[in-house]
Amino acid sequence: MNDKTQEEHKLIAQRREKLRKLRERGIPFPNDFRRNALAGELQKELGDKSKEELEALDRRVAVAGRIMAKRGPFLVIQDMSGRIQFYVDRKKLSKELLDEIKTWDIGDIVGGEGPVHKSGKGDLYVNLDKAVLLTKSLRPLPEKWHGLSDTELRYRQRYLDLIMNPESREVFLMRSRIIDYIRDFLKQRGFVEVETPMMQVIPGGATARPFVTHHNALDLPLYLRIAPELYLKRLVVGGFEKVFEINRNFRNEGLSTRHNPEFTMLEFYEAYADYHDLMDLTEELLRGIARDIKGTTEITYQGETYDFGKPFARMTVKEAILHFNPDIPAEDVEDREKAAEHARRLGIEVKESWGLGKILIEIFEKTVEHNLKDPTFITEYPTEVSPLARRSDTDPFVTDRFEFFVGGREIANGFSELNDPEDQAERFRRQVEEKEAGDDEAMHFDEDYVRALEHGLPPTAGEGIGIDRLVMLFADVPSIRDVLFFPHMRPRES
RNA sequence: GGGCCGUUAGCUCAGUCGGUAGAGCAGCUGACUUUUAAUCAGUUGGUCGGGCGUUCGAAUCGCCCACGGCCCA
């Protein structure tokens, strides 16, 4: 380590010196100031009153927050609700207090008390009687007008982004409101919120690469869950007939504007329902979120508008492939070799072990998915790629499954659950074969889960909704990093 | 993993043809006390992401590396 890394920046040194003086004078980080008002609420409550009305009212408040700007005798204070000014009156305050306020810096956290008045220009301010520095900030804030725009710093030092950029705060508040809405929606319909293991002996419920950890006392490898599905269905076996969980999943895959190694998933299961019921429920839920959060069913995402008010389109995987690939004849999606030919032409590396179902899904992902702009349910997913979904009664090649797309992105995946334990065992065996053939995303055989099914899973439908992507949609942001407080980044060397 | 773009003062950004590195904000000194990106005068602040190379001379050209962004797989 050289001197350079230890040497402190001048701006920090100046502030540290001010803190040193505070220490000399007593308690540098007091915690006895109690506020009784919030800036934003005062603006709402008193913002319309005239100067004279406010003086007559003589509303005395105690407000605390961070100094965001200094404007002559005014300090701009920001708290969680908004902003209000403090007025520093030279004629009114003691010399000692005036001298102290002079040492306050932008970024410091302060408290002030006094009556709320209004300036000649019509802005509210607290006419300070008392004021106290509560927390000295040792580091300067970013530029007051442009805020913090460097994306790397916004993600690495999210607190600065939140202090400086109101749009960013708004996204996270919206995220919270969306999750609240979903909880209320499901609870009102009789669903019970539960929690199931994040660390699993057999990672199940999805096809994805897991993170591995190790339990010392049991001397056992444990996997961070890639999905809660198999545990939630065990609960349905146990008589919890309507359950949901909103929690993190972990997948050991790359990072992108749509992927973070940990992400939030809503999963819910309803006994005595099928996938059609869930499509209806999903439609109602998304429409409800749109109305509640945006006040309209017209949702604009990255310049394009989608109408959540109209009934959502529904089509099958095969129909969608034919629709977006007019050059593929209808009979070719029924034939493995012909479908494989089309797949190869599209640049897909077709593996020997793939059946028709897997080939169709690859073609679907390559040519259809990004084109599904308007809210659309896609149904009839091949059994081959749906190892946990109930087989269709009319066509065993496909399952009673759907996925939901909007803006070219998958948002939800749901199906009538496979509750035939013997079929499930057979499907697990196929997965194990694929794993042995080199597919490291294929599922493990979960005997314990099959045993649960053998006790009887009632006819059930279940669904997962990716919360991060949902929030991206409603918040109209292009990257998943914009809806995660602390997106994963490569650590920066010191 | 591949392609393209970016990295200059605490922050937001300029920097021409390769010729001593600039502005605004923030900071500091002072004036000013009803300001609204407060204003006025003065002023401090740089390993130009890191390394190697080309050159009399590199923020600028070349190569390698790091981190980030976007796109593709």
Side-chain angles (χ1 to χ4, degrees), chain A residues 2-18 39 43 47 50-52 54-55 66-78 82-93 95 97-98 101-108 114-128 136-161 163-166 253-259 302 343 346-349 362 365-367 369-370 408 477-482 487-494:
Chain A
N2 56 34
D3 294 343
K4 215 163 40 215
T5 55
Q6 289 178 336
E7 185 184 311
E8 279 201 319
H9 192 272
K10 186 173 148 193
L11 295 176
I12 297 173
Q14 284 166 350
R15 289 173 176 228
R16 209 175 278 282
E17 174 60 17
K18 289 177 182 175
Q43 300 287 2
S50 72
K51 211 172 145 143
E52 293 72 24
L54 282 168
E55 267 169 47
R66 196 182 288 275
I67 301 174
M68 297 304 292
K70 295 177 172 182
R71 290 199 282 250
F74 291 90
L75 302 173
V76 179
I77 304 298
Q78 173 172 291
R83 292 182 171 195
I84 195 164
Q85 299 192 103
F86 285 176
Y87 177 59
V88 181
D89 190 341
R90 270 189 193 172
K91 295 175 214 103
K92 190 164 116 183
L93 300 176
K95 173 88 168 51
L97 184 54
L98 287 172
I101 290 175
K102 220 178 268 179
T103 71
W104 292 359
D105 291 299
I106 290 174
D108 288 354
V116 179
H117 288 172
K118 187 174 254 185
S119 72
K121 301 275 169 62
D123 212 1
L124 292 182
Y125 63 86
V126 178
N127 195 354
L128 292 181
K136 184 71 197 167
S137 168
L138 295 176
R139 293 175 181 268
L141 285 178
E143 212 257 354
K144 64 182 172 186
W145 185 243
H146 300 91
L148 183 67
S149 61
D150 183 296
T151 43
E152 187 174 351
L153 288 181
R154 285 184 50 230
Y155 298 148
R156 287 192 196 276
Q157 292 181 266
R158 179 67 85 182
Y159 45 91
L160 287 180
D161 179 41
I163 292 168
M164 300 306 300
N165 300 329
E253 290 159 6
L255 292 82
S256 78
T257 48
R258 286 189 280 277
H259 299 88
Q302 304 291 292
L346 290 163
I348 296 163
E349 218 178 293
E362 291 287 329
E365 283 176 4
K366 180 109 185 179
T367 62
E369 207 169 301
H370 61 277
V477 297
S479 172
I480 195 170
R481 295 181 195 104
D482 295 319
H488 280 282
M489 313 263 293
R490 199 182 290 273
R492 205 156 44 168
E493 292 174 44
S494 54

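Sequence lines set the chain letters: A, B, ... in the order given, protein chains first and strands last, and positions in each chain run from 1.
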[X] side, atom [atom1]; [Y] side, atom [atom2] - distance, nearest 0.5 Å:
| X | Y | atom1 | atom2 | answer |
| --- | --- | --- | --- | --- |
| Ile348(A) | Thr367(A) | CD1 | OG1 | 7.5 Å |
| His259(A) | Ile480(A) | NE2 | CD1 | 8.0 Å |
| Asp161(A) | Arg158(A) | CG | CZ | 5.0 Å |
| Leu11(A) | Leu138(A) | CG | CG | 12.0 Å |
| Met164(A) | Met68(A) | CE | CE | 4.5 Å |

Of the listed nucleotides [options], the one nearest the side chain of [X]:
| X | options | value |
| --- | --- | --- |
| Pro73(A) | U35(B), C11(B), U33(B) | U33(B) |
| Asp123(A) | U35(B), U33(B), U12(B) | U35(B) |
| Ser149(A) | U12(B), C11(B), U36(B) | U12(B) |
| His9(A) | A38(B), G45(B), U33(B) | G45(B) |

Expressed as a whole number of Å, how far does the [atom1] atom of [N] sit from that of [M]?
| N | M | atom1 | result |
| --- | --- | --- | --- |
| G30(B) | A66(B) | P | 49 Å |
| G68(B) | G24(B) | C1' | 25 Å |
| A73(B) | C11(B) | P | 36 Å |
| U20(B) | U60(B) | C1' | 15 Å |
| C72(B) | A37(B) | C1' | 41 Å |
| G46(B) | C40(B) | P | 26 Å |
| C48(B) | A59(B) | C1' | 5 Å |
| C28(B) | C56(B) | P | 47 Å |

Consecutive-pair stems (at least three Watson-Crick or G-U pairs, under 3.5 Å) that include RNA chain B: B:1-7 with B:66-72, B:10-13 with B:22-25, B:27-31 with B:39-43, B:49-53 with B:61-65
Pairwise side-chain contact, [X] with [Y], heavy-atom cut-off 4.5 Å (strictly under):
| X | Y | value |
| --- | --- | --- |
| Lys118(A) | Ser50(A) | no |
| Lys136(A) | Arg16(A) | no |
| Leu148(A) | Ile163(A) | no |
| Val88(A) | Leu128(A) | yes |

Gap between atoms [atom1] and [atom2], on [X] and [N] respectively (whole Å):
| X | N | atom1 | atom2 | value |
| --- | --- | --- | --- | --- |
| Met164(A) | A37(B) | CE | P | 15 Å |
| Leu153(A) | U7(B) | CG | P | 14 Å |
| Ile67(A) | U35(B) | CD1 | C1' | 15 Å |
| Ile101(A) | U33(B) | CD1 | P | 17 Å |
| Arg71(A) | U39(B) | CZ | P | 10 Å |
| Glu55(A) | U34(B) | CD | P | 14 Å |
| Gln157(A) | G10(B) | CD | P | 13 Å |
| Ile163(A) | C11(B) | CD1 | P | 14 Å |

Using the side-chain contact (heavy atoms from CB on, under 4.5 Å) criterion, which residues pair with [X]? Sequence neighbours excluded.
| X | result |
| --- | --- |
| Glu152(A) | Asp150(A), Arg156(A), Met489(A), Arg492(A) |
| Pro478(A) | Gln302(A), Asp482(A) |
| His146(A) | Glu143(A) |

Please evaluate the base of [N] for a donor-acceptor partner in the side chain of [X] within a cut-off of under 3.5 Å?
| X | N | value |
| --- | --- | --- |
| Ser119(A) | U35(B) | yes |
| Tyr125(A) | U34(B) | yes |
| Glu152(A) | U7(B) | no |

Once you apply a heavy-atom cut-off of 4.0 Å, does [X] come out as touching a base, just sugar-phosphate, or nothing?
| X | result |
| --- | --- |
| Asp150(A) | sugar-phosphate |
| Val76(A) | nothing |
| Gly147(A) | sugar-phosphate |

Any N/O pairs under 3.5 Å between the protein and nucleotides 70-73 of chain B? List them or say none.
| unit_1 | atom_1 | unit_2 | atom_2 | d |
| --- | --- | --- | --- | --- |
| C70(B) | OP2 | Arg481(A) | NH1 | 3.0 |

Would you say Arg139(A) reaches G10(B)'s phosphate, i.e. side-chain N/O to OP1/OP2 under 4.0 Å?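 For G10(B), neither OP1 nor OP2 has a side-chain N or O of Arg139(A) closer than 4.0 Å.
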Working note: Glu362(A) + Leu346(A), criterion side chain to side chain contact (heavy atoms under 4.5 Å, CB included); need CA distance, chi angles, decisive distance, verdict. CA-CA 10 Å; Glu362(A) 291 287 329; Leu346(A) 290 163; over 6 Å; no
Note: for Gly122(A) and Leu148(A) on RNA chain B, the residue whose nearest nucleotide lies more 5' is Leu148(A)
Quick check: on RNA chain B, is the nucleotide nearest Arg490(A) upstream (toward 5') of the one nearest Tyr87(A), or the reverse? Name the residue that is more 5'.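 Nearest nucleotide further toward 5': that of Tyr87(A).
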Where do N or O atoms of nucleotides 25-27 of chain B meet protein N or O atoms at under 3.5 Å, pair by pair?
| unit_1 | atom_1 | unit_2 | atom_2 | d |
| --- | --- | --- | --- | --- |
| C25(B) | O3' | Lys144(A) | NZ | 3.4 |
| A26(B) | OP1 | Lys144(A) | NZ | 2.9 |
| G27(B) | O2' | Gln14(A) | OE1 | 2.5 |
| G27(B) | O2' | Gln14(A) | NE2 | 3.4 |

May I ask you to decide if the ring planes of Phe74(A) and Tyr87(A) are parallel, tilted or perpendicular, using 30° and 60° as cut-offs? tilted
